[in-house]
Amino acid sequence: MRIEQGNGQAAGGLAAAVAALEAAPSFPAAYAARVRAAVRRLDPLPPWLDVAGALALVTQEARIDVDAPLRTRRRGARAAKIVVKRMTAWYLKYLGDQVSDLGQAMVHLGEALAERVDGVREEVDDLRDRVARLEAQSRERGERS
């Protein structure tokens, strides 16, 4: 099946081609469902993300683990990894601490922005109520005249 591109309908053509392939009797639907479920489990992001969820995700991912694993199947590679690890540990720790600090600063910025947005939402809701009251009063005055 060939999908034409360049006419602005490539996404629609792709969706139609996928639907046609999935409708075919030879399509391995059970296998595709298992693969899609496995891919969804690997995704670090939830299907939707609110501000609190985003901040929790940044908090979770902000710490950088600089302790590289030493496991290997190759002979002699473990010794080489230990040597490299000891030679670079001070630098990786320094770099990891800076990146982790940046992540924590991002969380604090996000929390401050979230509080500010919540405050603005409250102000907007108050203004909407006030405008609705003023419009109602204006209509009442207009009906009286």
Side-chain angles (χ1 to χ4, degrees), residues 1-140:
M1 185 171 292
R2 187 161 188 248
I3 300 170
E4 296 296 323
Q5 293 184 6
N7 60 1
Q9 298 177 348
L14 180 60
V18 168
L21 288 172
E22 288 180 343
S26 62
F27 183 76
Y31 176 73
R34 286 196 320 267
V35 169
R36 288 177 179 140
V39 168
R40 277 192 300 274
R41 283 193 305 269
L42 293 174
D43 190 1
L45 297 176
W48 69 91
L49 199 61
D50 59 351
V51 174
L55 289 172
L57 182 63
V58 172
T59 301
Q60 173 185 334
E61 299 296 328
R63 294 303 310 155
I64 305 299
D65 183 12
V66 296
D67 191 21
L70 298 174
R71 286 186 308 255
T72 184
R73 293 178 187 206
R74 289 181 286 161
R75 193 176 225 200
R78 179 174 165 75
K81 284 184 173 187
I82 290 172
V83 169
V84 170
K85 185 175 181 176
R86 286 184 181 160
M87 289 174 52
T88 61
W90 64 272
Y91 183 73
L92 290 176
K93 182 180 178 337
Y94 174 74
L95 187 63
D97 287 347
Q98 287 184 331
V99 174
S100 296
D101 290 345
L102 175 63
Q104 292 302 315
M106 295 296 290
V107 168
H108 294 306
L109 173 63
E111 289 170 344
L113 290 174
E115 288 175 15
R116 180 78 171 159
V117 166
D118 288 341
V120 169
R121 282 187 188 144
E122 289 174 8
E123 289 178 26
V124 168
D125 289 342
D126 290 344
L127 288 173
R128 282 187 182 140
D129 293 342
R130 187 174 176 192
V131 166
R133 279 195 318 271
L134 291 172
E135 287 175 343
Q137 288 174 357
S138 175
R139 277 193 300 272
E140 288 174 8

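Worth saying up front: this structure is predicted, and the values here are computed from it rather than measured. Because only heavy atoms are used, hydrogens play no part in the values below, and waters and symmetry mates are left out as well, while side chains stay in.
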Does any non-hydrogen side-chain atom of [Y] lie less than 4.5 Å from one of [X]?
| X | Y | answer |
| --- | --- | --- |
| K85 | D67 | yes |
| Q98 | L102 | no |
| V66 | I64 | yes |

Inter-residue atom distance [X].[atom1] - [Y].[atom2], 0.5 Å rounding:
| X | Y | atom1 | atom2 | answer |
| --- | --- | --- | --- | --- |
| L134 | Q137 | CG | CD | 5.5 Å |
| L92 | M87 | CG | CE | 11.5 Å |
| M106 | T59 | CE | OG1 | 11.5 Å |
| R78 | K81 | CZ | NZ | 9.5 Å |

Flag the pair E115 and R121 as a salt bridge only when some basic side-chain nitrogen lies within less than 4.0 angstrom of an acidic carboxylate oxygen. no

Using a strict cut-off of less than 4.0 Å between a Lys/Arg side-chain nitrogen and an Asp/Glu carboxylate oxygen, indicate whether D97 and K93 qualify as a salt bridge. yes

Do you know the tightest heavy-atom contact between L55 and V107? CD2-O, 3.6 Å

Given E135 and R128, is the salt bridge (Lys or Arg N to Asp or Glu O under 4.0 Å) satisfied, shown in steps? CA-CA 10 Å; E135 287 175 343; R128 282 187 182 140; over 6 Å; no

Quick one: do I82 and L70 satisfy side chain to side chain contact (heavy atoms under 4.5 Å, CB included)? Show the steps, please. CA-CA 7 Å; I82 290 172; L70 298 174; 3.9 Å; yes

